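A short worksheet on the structure shown next.
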Protein chains: 2
Amino acid sequence: MSETELDLEVKTPRKKTRQNKIVDILATKVACKECSLHQLCLPSSIDGSDLEKLDNIIERKRPLKRNDHLFQVGSQFTSIYVVRSGSLKTYSPTVDGQEQVTGFHLPGELLGLDAIGKGMHPCAAKALETTSVCEVPFENLEFLAQELPTLQHQLLRLMSKEIFDDQELMLLLGKKTAEARLSAFLLSISLRFKQRGFSSSEFYLSMSRNDIANYLGLAVETVSRMFTRFQEDGIIDAERKHIVINDREAMQQIAGINECCEDIAAEETQKTL
Amino acid sequence: MSETELDLEVKTPRKKTRQNKIVDILATKVACKECSLHQLCLPSSIDGSDLEKLDNIIERKRPLKRNDHLFQVGSQFTSIYVVRSGSLKTYSPTVDGQEQVTGFHLPGELLGLDAIGKGMHPCAAKALETTSVCEVPFENLEFLAQELPTLQHQLLRLMSKEIFDDQELMLLLGKKTAEARLSAFLLSISLRFKQRGFSSSEFYLSMSRNDIANYLGLAVETVSRMFTRFQEDGIIDAERKHIVINDREAMQQIAGINECCEDIAAEETQKTL
DNA sequence: TGATTAAATTGACAAATATCAAGTTTATAA
DNA sequence: TTATAAACTTGATATTTGTCAATTTAATCA
């Protein structure tokens, strides 16, 4: 089988990849310039040679199949990951042997930042569909950040953003009715797609209703009923995983999203586009 | 009034503070060695001269009175803060003009890490009691981290810890019944006191029942009833803000805290003590 | 393809929590 | 100190959400 071959090839940083057409395409496609990780460097005027340094420490991993794990609970922390395509969920085990979903990760988003502190992953990451990620060995990144002040700055910014986003979600989870939670969740997903240049009014949810319910702290049945209610009210069209947002304002109303958040979100969107 | 005088004196880093007795005491008391911020440097074998560099960029602010703001929503981000004594809450405004409490900050804990990304504070911070904080101008800290690899590492670790802690709280807020939330909340406070060398079984809650309810996404009445229930069951003694935890295991049971969390918590405690 | 399993929806009912209202205790200020 | 306000507690009731059960729809695999 050529699978292992391909595996090895893809894992090698783009140096002598011009031999194999497939790898070449992959390598071209995921150069840092094009990659969502560009937030780490590009906006900070890192020039060609510095960018190449960053490019060189990044490993492109073989795509994960649905339900494959990127890392397990308690596994040693060595790298942070960036979703290139597809999506993943992170989850922790609970007392009663269940999963508790802690997050969803869309293209361009990071995984593993919560593991730096303790040197091990406090949650597991599982692919929701066929998914490819870039692996960024953290020691190398730290070392590089030491000599590139703008990279250090971007790294701190990104971690701060993660903290900010988590707190946004705590706002969502803390209070709110079931419909407010689901509405805020859909708006959040919508915004994240928009920030990556995808449609914000029409998208596919890669996660199951069960995952959504688990994540929002609701029963599956409640989530299902809320989807139905939103459709009856004409606020969304939902056919399984395919979602169309018809009345964004109504959803914001239901979610109880305040102007401040919206301003910030809008601002950020402009920055990214 | 000598208040402004004191203010100016205290704000000055410890260089020529030997003139004023009061200031001297304060300055001595808050040297980095003693300060909770030592997590930023001490465990990483930063030696005397480096420690002094860090010490020099830190400003000790005049104590805040109850209900004083440390920063407001939307205010420009310049510094991160470390609670020296007392406590604060952070909160965001909601649509209906209410507050939503996003966190409580005890001695040794950091504030403002969520503001780095956007350069402005997404929430406000208000003192729950008389509170003193250290102000760490972020530009200086970043600059210093550039030349001290261990400081950069610690800074990243601390931010990661913040992300980890936030996700722990999302676990708490996401699912769970009212009693599970309150129990987990009290255990979390307890652990945080323990990590700072205070008693983990007996402490004062500086925040009101209202703040707790708001934070946990519950009605005040529900929180009050849960306190009553826990007392009736003999799990805690609660007289207003004075809390005694009698049956920690029962509380862990109620909170649904899994072994993983406990292991990590225990480990971390050892490290700190 | 058809058979089997998993995911999603819907209804009926029970349990949990919010809301409203009243009363009590504690804190604050004149 | 007393007056006033704020914080907290308790009870009665209404609403929301979870649970159980049945059904429908979609996905997977031989």
Side-chain angles (χ1 to χ4, degrees), chain A residues 65-68 89 94 96 98-101 126 128-130 172-183 185-186 204-233 236-243 254 256, chain B residues 65-68 89 94 96 98-101 126-130 172-183 185-186 204-233 236-243 254-256:
Chain A
K65 293 196 297 289
R66 188 167 129 85
N67 291 329
D68 280 353
K89 70 172 171 182
T94 62
D96 44 354
Q98 306 278 29
E99 298 179 356
Q100 177 147 352
V101 177
K126 188 193 268 188
L128 292 168
E129 58 194 313
T130 302
L172 156 60
L173 295 173
K175 245 193 189 16
K176 322 279 189 183
T177 60
E179 65 174 1
R181 287 189 194 185
L182 182 59
S183 181
F185 171 74
L186 291 174
Y204 281 88
L205 293 174
S206 55
M207 68 292 293
S208 68
R209 297 282 193 269
N210 232 311
D211 284 339
I212 296 173
N214 188 309
Y215 178 62
L216 297 179
L218 300 168
V220 203
E221 294 92 334
T222 306
V223 169
S224 189
R225 277 185 253 270
M226 293 303 146
F227 269 109
T228 307
R229 184 188 295 178
F230 288 167
Q231 281 190 93
E232 285 171 355
D233 296 350
I236 66 170
D237 287 338
E239 187 154 334
R240 296 276 153 171
K241 299 188 183 308
H242 180 223
I243 308 291
I254 292 169
Chain B
K65 292 194 297 287
R66 188 168 129 83
N67 291 329
D68 281 353
K89 70 173 173 183
T94 62
D96 45 354
Q98 305 279 31
E99 297 179 354
Q100 177 147 352
V101 177
K126 188 194 267 189
L128 292 167
E129 57 194 314
T130 303
L172 156 61
L173 294 173
K175 245 195 192 9
K176 322 276 185 184
T177 60
E179 64 174 2
R181 287 190 194 185
L182 183 60
S183 182
F185 170 74
L186 291 174
Y204 281 88
L205 293 174
S206 55
M207 68 293 290
S208 68
R209 298 282 193 271
N210 231 310
D211 285 337
I212 295 173
N214 188 309
Y215 179 61
L216 297 178
L218 301 167
V220 203
E221 295 92 331
T222 305
V223 169
S224 188
R225 278 185 251 270
M226 292 304 146
F227 268 109
T228 307
R229 184 187 295 178
F230 288 168
Q231 283 190 91
E232 285 170 355
D233 296 349
I236 66 169
D237 287 336
E239 185 155 336
R240 295 276 152 170
K241 300 188 181 308
H242 180 224
I243 307 292
I254 293 169

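The sequence lines fix the lettering, A, B, ..., with proteins before strands; numbering per chain opens at 1. Below, each value reflects all heavy atoms present in this structure, side chains not excepted, and no hydrogens, waters or symmetry copies. In this text the structure is predicted, and so the values were computed from the model without any measurement.
Contact between B:L173 and B:Y215 at its shortest, heavy atoms only, is CD2-O, 3.7 Å. Annotation for A:Q231 and A:A238: closest pair OE1-O, 2.9 Å, computed over non-hydrogen atoms. When every heavy atom of A:M207 is checked against every heavy atom of A:K241, the shortest pair comes out as O-NZ, 3.4 Å.
Following rounding to the nearest Å, A:L128 (CG) and C:dA6 (P) show an atom-to-atom distance of 18 Å. One interatomic measurement links the two molecules: CZ of A:R66 to P of D:dA27, which rounds to 10 Å at whole-angstrom precision. The distance from atom CD1 of A:I254 to atom P of D:dT16 is 13 Å, rounded to the nearest whole Å. When the P atom of D:dT9 is taken as reference, atom CG of B:L182 falls 11 Å away, rounded to whole Å. Remark: C1' of C:dA27 and CG of B:N210 are 15 Å apart, rounded to the nearest angstrom. As rounded to whole Å, 18 Å separates atom P of D:dA5 from atom CG of B:N67.
Looking only at distances, a side-chain donor or acceptor of B:N214 sits under 3.5 Å from a matching main-chain atom of B:E99.
Nearest-nucleotide mapping onto DNA chain D: of A:R229 and B:A238, the residue sitting toward the 5' end is B:A238.
Ion pairing of B:K65 with B:E129 is absent here, as no side-chain N (NZ or NE/NH1/NH2) approaches a carboxylate O to less than 4.0 Å.
A:R240 has no side-chain polar atom (N or O) that falls below the 4.0 Å cut-off from OP1 or OP2 of C:dA8. Note on A:T222: a side-chain N or O is less than 4.0 Å away from OP1 or OP2 of D:dG18. Contact check, B:K241 against D:dC8: a side-chain N or O comes under 4.0 Å of OP1 or OP2. Residue B:T228 places at least one side-chain N or O under 4.0 Å from the OP1 or OP2 atom of D:dT10.
Side-chain atoms of A:R225 come within donor-acceptor range of the base of D:dT19, with a qualifying N/O pair under 3.5 Å. For C:dC20, its base sits under 3.5 Å from the side chain of B:E221 at one donor and acceptor pair at least.
Relative to the side chain of A:A219, the nucleotides D:dT28, D:dT9, D:dG18 differ in distance, and D:dG18 lies closest.
Using a 4.0 Å heavy-atom criterion, one finds that A:S208 contacts the sugar-phosphate atoms exclusively.
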